[in-house]
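This report concerns only the one structure given below.
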Protein chains: 2
Amino acid sequence: MDEVFKALADASRRSLLDRLHARNGQSLNELCEGLAMTRQAVTKHLAILEQANLVMAVKHGREKLHYLNPVPIHQIGERWVRKFERGKLAALSELKRQLEKRDE
Amino acid sequence: MDEVFKALADASRRSLLDRLHARNGQSLNELCEGLAMTRQAVTKHLAILEQANLVMAVKHGREKLHYLNPVPIHQIGERWVRKFERGKLAALSELKRQLEKRDE
DNA sequence: ATAATATGCAACCAAATGGTTGCCTGTCAA
DNA sequence: TTGACAGGCAACCATTTGGTTGCATATTAT
């Protein structure tokens with residue numbers, strides 16, 4: 001879970017996920033197109049995404065195709081975001097109370 | 001949004017959020033208790049959480065009380081996780097197909 | 001066979017990160 | 001009013017991070 005959060009912390013990596021979400025199964029070169037970064041930088045980002053299991057790569061001839069794995073993102077939603085949804089309203093009203101107290 | 005992801009990337013910061021989720025409105029010293037870190041390190045983490053709007057601090061005498069703001073986490077769920085839920089099943093079956101192809 | 005294409009590997013670099021120590025300031029209680 | 005307690009500020013440090021360049025390797029097309 002920690003690796004997933006770390007992987008998601010970088011905007012370039014999130015945009016790589018976006019690109020794969022738009023079109024799955026892209027090669028390294030395809031994923032590089034239009035980015036202000038060298039291919040090697042993208043390789044490193046993809047390696048981090050693979051380690052976090054957010055992306056899976058398959059070699060196909062001389063190309064390496066990248067596929068999105070939606071499971072970890074789903075788990076972030078289920079195991080983490082959801083936890084904070086519980087007690088959300090209580091926290092919000094507490095927050096409001098404190099903000100109002102400042103004007104006393 | 002980027003600041004939120006960056007703030008969530010660190011396990012110590014996520015555990016601070018957990019602590020506040022367990023009991024809201026804790027002081028700096030309370031949040032330090034039991035952690036293998038100096039108070040100043042915790043201060044820095046809290047500053048990052050505040051900048052990301054995940055935590056709001058209110059001075060109360062000589063104490064600084066910290067309150068959880070559930071909104072950014074909620075937004076991560078709504079604006080980000082949800083996006084990848086769309087097309088999740090397609091991505092999953094594509095992934096399965098590629099995994100099976102490896103055994104050919 | 002050979003050239004072009006797609007990717008991999010390793011060394012290097014600057015900047016950001018997570019942490020420390022030392023000292024200063026503000027507030028409460030004796 | 002004088003400690004003691006809660007917190008703030010700044011300088012410093014090691015490691016990680018995000019990126020680069022240069023070269024090597026593997027596959028495809030001519």
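A, B, ... follow the sequence lines: proteins, then strands. Residue 1 opens every chain.
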>> Between Glu63(B) and Lys59(B), does any side-chain N to carboxylate O distance fall below 4.0 Å?
In response: no

>> Using a 4.0 Å heavy-atom cut-off to protein, can you give one letter per nucleotide of nucleotides 3-8 of chain D, 5' to 3': B if the base is in contact, S if only the sugar-phosphate is, - if neither?
In response: -BBSBB

> For the helix from dA1(C)-dT30(D) to dA30(C)-dT1(D), what is the angle between the axes at its two ends, each from 5 pairs, rounded to 10°?
Replying inline: 20°

> In terms of ring plane angle, is the pair Trp80(A) and Phe5(A) parallel, tilted or perpendicular, where the classes change at 30° and 60°?
Replying inline: perpendicular

>> Which is more 5' along DNA chain D, the nucleotide nearest Ser12(A) or the one nearest Gly61(A)? Just name the residue.
In response: Ser12(A)

> Rounded to the Å, how far apart are Phe5(A) CZ and dT17(C) P?
Replying inline: 18 Å

> Any Lys/Arg nitrogen of Glu30(A) or Arg23(A) sitting under 4.0 Å from an Asp/Glu carboxylate oxygen of the other?
Replying inline: yes

>> Test your reading of the model: is there a side-chain donor-acceptor pair from Gln26(B) to the backbone of Arg19(B), 3.5 Å cut-off?
In response: yes

> So which nucleotide from dG19(D), dG18(C), dT20(C) ends up closest to the side chain of Met37(B)?
Replying inline: dT20(C)

> Could you walk me through whether Lys6(A) and Asp2(A) pass the salt bridge (charged side-chain N to carboxylate O under 4.0 Å, His left out) check?
Replying inline: CA-CA 6 Å; Lys6(A) 286 240 167 71; Asp2(A) 186 60; 3.1 Å; yes

> Expressed in angstrom and rounded to an integer, what is the separation of Leu46(A) atom CG from dG19(D) atom C1'?
Replying inline: 15 Å

> Can any side-chain N or O of Asn69(A) pair as donor or acceptor with the backbone N or O of Val55(A) at less than 3.5 Å?
Replying inline: no

> Start at the 5' end of DNA chain D and walk down; is the nucleotide closest to His60(A) or to Lys6(A) reached first?
Replying inline: Lys6(A)

>> Strictly distance-based, threshold 3.5 Å: is any side-chain N or O of Asn24(B) a donor or acceptor partner for the main-chain N or O of Leu68(B)?
In response: yes

> Any chance the side chains of Lys83(B) and His21(A) put a donor and an acceptor closer than 3.5 Å?
Replying inline: no

